[in-house]
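Values below: all heavy atoms of this structure, side chains included; hydrogens, waters and symmetry mates excluded.
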Amino acid sequence: MASTTESAPAPALRGPAARPASRLLHRWVWLRLSLLLSAPLAWMVLVYVVALAALLITAFWSVDSLSSEIDRTWTLDNFRTLLENEVYRNVTVRTVVVALAVTVVDVAIALPIAFYMAKVASPRARRMLVVAVLTPLWASYLVKVFAWRVVLSEGGLAEWTGLGTPGYGLTAVIIAQAYIWLPYVILPIFAALERVPDSLLEAAGDLGAPARTVVRTIVMPLLVPGIVAGAIFSFSLTMGDYITVNIVGGTSQMLGNLVFVNAGAANNLPLAAAIAMIPIVVMLVLLTAIRRTGALENL
């Protein structure tokens, strides 16, 4: 007996104009990828590349001393000022040294924490530790910096506990920024250590390899990409920061402060753009040096 239920209508066939397009997209993989990535790539080019190009162009302009208007005549006066003025040279060296110090502190703290998370802690404890590492990222940047200002202030928590306080200055900047950027260093190292097979370490131990040899020949080659990634995060973020220096740096200045002052109170946007090029050049030199070691290829 025939069923009384009506069969569902068949889906409508695609139009004839859609079939050639479907066959074309199926045949040309690069075309599918181009259409898929065109929007985000266009946004990145517009926001990042065009902004950097505008920054570079502005650095070749100057400010009229009488009218305070931007003179769009191309000149190298801003870069000549950066090279000849001792203040800018000292601030550049200070910024690089502080960024290196923050990076070294973060890597030194992150290595044992990441190793315990990846190789010692139980799965339940590992999940709790990952949450603990990520939790500071949910707090406001300003709240964390002002918290360190209270801790390091005269009569603050550090002095009250008997540890003593370094006061406001470069030491306070290194402490505060090392705390703020620490999660960005722990997570890449933790991810790199998780990729080290436990069976590989056990096999090296069974063959009688000393712990130092195991770390040097097995762990470190697999761990270097994670350390490099974390170091790049910490170094680059410290190079461009200026809020922490304003809050706990005392009278110290870094490149970010000079950019902020010249773009705001001094109303010298071309000079601010020239100063902003210094961290970019430093990072390009650093990435070039790291690339020659082959570490970037394994990231």
Side-chain angles (χ1 to χ4, degrees), residues 55 58-59 62-63 65 68 77-109 136 139-182 184-185 231 233-283 286:
L55 179 70
T58 306
S62 61
V63 174
S65 58
S68 297
D77 289 345
N78 294 321
F79 296 100
R80 192 176 296 111
T81 300
L82 297 182
L83 293 175
E84 296 177 353
N85 196 317
E86 186 179 0
V87 173
Y88 295 110
R89 296 200 302 268
N90 293 339
V91 172
T92 300
V93 173
R94 183 185 304 130
T95 303
V96 173
V97 170
V98 170
L100 287 174
V102 171
T103 302
V104 171
V105 171
D106 278 344
V107 171
I109 297 176
S140 170
Y141 179 96
L142 288 175
V143 170
K144 291 183 285 189
V145 178
F146 273 108
W148 275 108
R149 180 180 176 88
V150 173
V151 171
L152 299 173
S153 64
E154 184 178 352
L157 183 61
E159 197 171 85
W160 178 75
T161 55
L163 298 176
T165 174
Y168 301 141
L170 292 182
T171 303
V173 172
I174 293 172
I175 294 173
Q177 290 190 329
Y179 166 78
I180 293 173
W181 311 134
L182 183 59
Y184 297 96
V185 184
F233 283 135
S234 179
F235 186 86
S236 61
L237 292 172
T238 304
M239 283 284 294
D241 184 78
Y242 72 95
I243 299 176
T244 303
V245 187
N246 283 336
I247 297 175
V248 299
T251 59
S252 303
Q253 284 188 323
M254 293 173 62
L255 288 174
N257 302 103
L258 297 182
V259 173
F260 177 76
V261 170
N262 282 280
N267 195 27
N268 193 340
L269 186 59
L271 182 58
I275 298 173
M277 294 301 298
I278 298 177
I280 297 176
V281 172
V282 172
M283 287 306 304
L286 178 64

Expected list for residues 254-263: side-chain donor-acceptor pairs under 3.5 angstrom, two or more places apart:
{"residue": "N257", "atom": "OD1", "partner": "M254", "partner atom": "N", "Å": "2.8"}
{"residue": "N257", "atom": "ND2", "partner": "Y242", "partner atom": "O", "Å": "3.4"}
{"residue": "N257", "atom": "ND2", "partner": "N246", "partner atom": "OD1", "Å": "2.7"}
{"residue": "N262", "atom": "ND2", "partner": "L258", "partner atom": "O", "Å": "2.7"}

What pairs of donor and acceptor atoms, side-chain ones from residues 81-88 against any protein atom, are under 3.5 angstrom apart with sequence neighbours left out?
{"residue": "T81", "atom": "OG1", "partner": "D77", "partner atom": "O", "Å": "2.8"}
{"residue": "N85", "atom": "OD1", "partner": "V87", "partner atom": "N", "Å": "2.9"}

Over all atoms of both residues, closest heavy-atom pair of [X] and [Y]:
| X | Y | value |
| --- | --- | --- |
| Q253 | R94 | O-NH1, 2.8 Å |
| N268 | V63 | OD1-CG2, 3.3 Å |
| I174 | V98 | CG1-CG1, 4.0 Å |

Exercise. In this structure, are over 12 heavy atoms from other groups packed under 6.0 Å from F79 atom CZ?
Worked result: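 More than 12 within 6.0 Å, yes.
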Within-4.5 Å side-chain heavy-atom neighbours: [X] and [Y]:
| X | Y | answer |
| --- | --- | --- |
| Y184 | D106 | no |
| I243 | L142 | yes |
| L55 | I280 | yes |

Atom pair [atom1] ([X]) and [atom2] ([Y]), whose distance is rounded to the nearest 0.5 Å:
| X | Y | atom1 | atom2 | value |
| --- | --- | --- | --- | --- |
| T103 | L237 | OG1 | CG | 9.5 Å |
| T92 | R89 | OG1 | CZ | 9.5 Å |
| L182 | I109 | CG | CD1 | 5.5 Å |

Residues 156-170 side chain polar contacts: donor-acceptor under 3.5 Å, at least two apart:
{"residue": "E159", "atom": "OE1", "partner": "G155", "partner atom": "N", "Å": "2.9"}
{"residue": "T161", "atom": "OG1", "partner": "L157", "partner atom": "O", "Å": "3.1"}
{"residue": "T161", "atom": "OG1", "partner": "A158", "partner atom": "O", "Å": "3.0"}
{"residue": "T165", "atom": "OG1", "partner": "L152", "partner atom": "O", "Å": "2.5"}
{"residue": "T165", "atom": "OG1", "partner": "G167", "partner atom": "N", "Å": "3.1"}
{"residue": "Y168", "atom": "OH", "partner": "R149", "partner atom": "O", "Å": "3.1"}

Problem set entry | ring-ring contact (aromatic ring centres under 6.0 Å, His included) partners for F146, two or more places apart | none
Exercise. If you measure only the distance, is there a donor-acceptor pair under 3.5 Å linking the side chains of S68 and N267?
Worked result: no
Problem set entry | Partners meeting side-chain contact (heavy atoms from CB on, under 4.5 Å) with Y179 (sequence neighbours left out) | P136, K144, W148
Exercise. Taking only residues two or more places apart in sequence or in another chain, which ones pass side-chain hydrogen bond (donor to acceptor under 3.5 Å, both in side chains) with T238?
Worked result: W181
